[in-house]
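By convention here, the first residue in the shown sequence is residue 1. We count ligands from 1, going down the list as the structure has it; atoms in each ligand are counted the same way. Values below: all heavy atoms of this structure, side chains included; hydrogens, waters and symmetry mates excluded.
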Amino acid sequence: MTALAPAPVQVLARRSSLPQRDPRLDAIWTKVEAGERLSLADGDMLFTTRDIWTVIEMADFVRRRLHGSAAYFNINRHLNYSNVCALSCKFCDFYAKLGDDKGYTRDMAYIRAEARKAVEAGATEIHSVGGLHPTLPFSYYTDMIATIRDEARTLGSDLHVKAFTAVEIVHLCKIAKVAKGMSLPGEEGISARRAAIRHVLSALKDAGLGSLPGGGAEVFDDRVHDEAYKGKIRSDVWLDVHRIAHELGLNTNATLLYGHIEQRHDRLVHMDMLRRAQDEALARMGYAGTKAEPHEGMKQSDADFGHLGYTGTEGNNAPVITLTRQGTPLPEHIAFGSNAQTPSAPTSGYYQTIIPLPFFPDGCELEHLPGPSGLENYRTLAIARLMLDNFSHVKAFWIMQTLPMAQIMLQSGADDIDGTVVWYDITKLAHGAGQGSTGQGSASTHQEVNVWTLQRAIREAGFVPIERDTLYRKVIRDAANDRAWRVQ
Ligand code: V47
Ligand code: SF4
């Protein structure tokens with residue numbers, strides 16, 4: 001099996017000649033061309049410059065260096081097993097309380113039927129998340145995964161199960177009754193928490209869990225956390241769950257929920273925390289770091305961000321590992337190709353993609369906020385591509401970005417638009433905002449596009465559509481039966 005290896009392309013840097021060209025970006029261009037890590041101060045300039053087009057041009061340069069003209073999609077189904085949740089995040093229009101009319105919890109017959117439908121539609125992935133249900137036993141979750149995998153196997157499919165955000169994993173630690181000591185302060189509490197997370201993730205992996213989605217990260221800032229999603233795990237615990245998943249060989253994704261009550265610098269800190277976590281994951285895989293000491297730019301950014309309470313760069317001498325230098329193999333090429341860095345090093349267990357999620361105000365407690373503008377969406381996605389130099393992929397999740405926006409995002413740093421989705425309960429597009437969807441006139445959780453529509457959207461944006469599986473391997477379809485697939 002090989003991972004997707006884009007055809008090598010000759011990438012020539014372009015320089016925007018628009019009147020609003022910002023010459024301060026020249027120094028950032030030089031770093032981008034050299035594949036050097038951008039500092040938080042650079043990120044700040046990318047957010048504040050009026051020359052957004054150069055920001056986009058730089059992100060497109062990086063995206064093409066990594067992926068050439070390839071743009072990825074998958075055939076998947078989202079399955080929300082329950083919307084009943086013990087928390088009440090202010091940005092969330094999805095949750096219901098136990099006993100509410102709008103609450104639902106799917107039983108195993110429903111889940112089995114969904115797995116069957118997914119296989120019959122040729123899906124390679126089920127993406128399943130839900131609320132923090134107060135009474136379901138831990139066995140429900142292992143049964144759910146085993147049921148999906150069993151039904152798929154019966155039908156001859158190796159359907160991948162990507163399930164449970166880090167927030168759900170910690171909830172499962174509590175209900176699996178392995179979380180003793182999780183809330184204790186100090187090292188003892190932390191190691192007990194880690195042991196509980198490891199136990200739960202191992203049990204889920206044994207049941208057939210294939211990877212973790214990127215949800216629940218929101219934005220890694222305590223002020224925003226306490227104001228908008230109090231009660232949820234904080235950044236240290238979210239990152240811990242993903243670190244332990246990586247140690248167990250599970251790949252994971254990461255999201256950034258922006259455009260609500262956070263500030264732009266919170267987004268940059270979030271990106272910095274994620275790329276530091278990825279440095280660790282890639283180091284485990286045998287990647288060599290390029291810098292052992294914080295360089296000038298990082299020191300500058302410490303000064304700029306220190307007063308905001310972010311000291312993440314202080315005393316951190318971990319190697320900086322970038323994937324954006326010409327010719328650096330992507331982790332999936334190491335995992336599925338013959339590019340092993342160190343023969344005994346693990347070949348899985350890293351962040352695959354960053355998914356910037358624009359805040360949707362409709363129906364939630366923060367409904368009075370306007371949500372981010374289109375340009376803010378492009379800018380944030382482009383900056384994610386530039387800052388997260390050690391993430392292979394940037395996903396423009398078309399369900400939240402809309403398909404027309406996702407098309408342009410493919411030219412602004414994104415290389416992936418997610419999949420056919422079918423039902424999505426977490427946010428709803430109103431009044432046909434997602435052109436190319438089923439064309440329903442009012443807000444609906446039925447948000448499906450067919451493969452042809454996704455491929456056409458990608459081609460129209462000037463890219464070559466490549467169907468991938470969850471782990472970014474190329475999917476080959478049987479010419480006589482397009483529901484049958486294998487990975488290359
Ligand atoms: O964690 C909830 C977000 C996330 C709103 O890993 C909202 O491939 C905007 O994580 N406005 C869940 N966002 C979705 C998610 C995801 C989606 C697609 C692909 C992958 C992947 C992961 O949705 C939640 C939360 O951050 N969310 N409410 C809202 N009103
Ligand atoms: Fe519950 Fe997740 Fe919604 Fe928060 S975002 S209320 S944890 S379902």
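- With a 4.0 Å cut-off on non-hydrogen atoms, I355 touches ligand 1 through its side chain and not its backbone.
- Using a 4.0 Å cut-off to heavy atoms of Y95, the atoms of ligand 2 that qualify are 6 (S).
- Among G259, G215, A254, the residue whose heavy atom lies nearest to atom 10 (O) of ligand 1 is G215.
- Residue-ligand proximity, M400 to ligand 1, at heavy-atom distances under 4.0 Å covers atoms 9 (C), 13 (N), 23 (O).
- With hydrogens left out, the protein atom closest to atom 6 (O) of ligand 1 is G214 N, 2.8 Å, a heavy atom.
- In summary, C92 places no N/O/S atom under 2.8 Å from atom 1 (Fe) of ligand 2, failing the contact criterion.
- When only non-hydrogen protein atoms are considered, atom 28 (N) of ligand 1 lies nearest to F91 CD1, 3.4 Å.
- If you check which protein heavy atom lies closest to atom 7 (C) of ligand 1, you get L257 CD1, 3.8 Å.
- Here the heavy atom of the protein found nearest to atom 11 (N) of ligand 1 is F360 N, 2.8 Å.
- Residue K395 has at least one heavy-atom neighbour below 4.0 Å for each of these atoms of ligand 1: 8 (O), 19 (C), 21 (C).
- No heavy atom of H260 sits closer than 4.0 Å to any atom of ligand 1.
- Formation of a donor-acceptor pair under 3.5 Å by the K395 side chain with backbone atoms of A414 is not found in this model.
- Using modelled atom types, no side-chain atom of D226 and backbone atom of R223 make a donor-acceptor pair closer than 3.5 Å.
- With respect to D158, the salt bridge (Lys or Arg N to Asp or Glu O under 4.0 Å) criterion is satisfied by exactly one of R473, R149, R153: R149.
- Among all non-hydrogen protein atoms, the one lying nearest atom 4 (C) of ligand 1 is L357 CD1, 3.7 Å.
- What sits closest to atom 25 (C) of ligand 1 on the protein, heavy atoms only, is E218 OE1, 3.4 Å.
- Residue T165 places no heavy atom under 4.0 Å from ligand 1.
- With respect to atom 4 (Fe) of ligand 2, the closest heavy atom belonging to the protein is C89 SG, 2.3 Å.
- Checked for salt-bridge contact, D60 and R385 miss the test: no charged N lies under 4.0 Å from a carboxylate O.
- Put simply, the side chain of F463 reaches to within 4.5 Å of the side chain of Q411, judged on heavy atoms.
- F94 counts as a contact of ligand 2, since one of its heavy atoms falls under 4.0 Å from the ligand.
- Using a 4.0 angstrom heavy-atom cutoff, V167 does not count as in contact with ligand 2.
- For F397, every heavy-atom contact with ligand 1 shorter than 4.0 Å involves the side chain, none the backbone.
- Listed by number with element, the atoms of ligand 2 under 4.0 angstrom from any heavy atom of C85 are 1 (Fe), 6 (S), 7 (S), 8 (S).
- A salt bridge does not link R468 to E332: none of the charged nitrogens lies less than 4.0 Å from a carboxylate oxygen.
- We find that R116 and E120 are joined by a salt bridge, their nearest charged nitrogen and carboxylate oxygen being less than 4.0 Å apart.
- Of all protein heavy atoms, the one closest to atom 2 (Fe) of ligand 2 is K232 NZ, 4.0 Å.
- Classification of K474 and E467 as a salt-bridged pair fails, no side-chain N sitting under 4.0 Å from a carboxylate O.
- Ion pairing of D44 with R264 is absent here, as no side-chain N (NZ or NE/NH1/NH2) approaches a carboxylate O to less than 4.0 Å.
- Contact between P358 and ligand 1 is present, with at least one heavy atom of the residue lying under 4.0 Å from the ligand.
- A salt bridge links R37 with D389: at least one charged nitrogen is closer than 4.0 Å to a carboxylate oxygen.
- K232 places no side-chain N or O within donor-acceptor distance of the main-chain N or O of H225, the cut-off being under 3.5 Å.
- Close contacts of ligand 1 with P213, meaning ligand atoms under 4.0 Å from a residue heavy atom, involve 6 (O).
- You'll find the ring centres of H171 and H133 outside the 6.0 Å limit.
- Between T255 and ligand 1 there is a heavy-atom distance shorter than 4.0 Å.
- Atom OH of Y350 sits about 12.0 Å away from atom CG of L250, to the nearest 0.5 Å.
- Under a 4.0 Å heavy-atom criterion, G216 is in contact with ligand 1.
- Checking each of V269, T255, D266 against V219 for a side chain to side chain contact (heavy atoms under 4.5 Å, CB included) leaves exactly one that passes, namely D266.
- The residue from I126, N253, L471 that alone fulfils the side chain to side chain contact (heavy atoms under 4.5 Å, CB included) condition with K162 is N253.
- Listed by atom number, the atoms of ligand 1 under 4.0 Å from N253 heavy atoms are 6 (O), 8 (O), 21 (C).
- Of the protein's heavy atoms, Y424 OH, 3.2 Å lies nearest to atom 14 (C) of ligand 1.
- What sits closest to atom 16 (C) of ligand 1 on the protein, heavy atoms only, is H127 CE1, 3.9 Å.
- Electrostatic pairing of R77 and E125 does not count as a salt bridge here, judged by no charged N lying under 4.0 Å from a carboxylate O.
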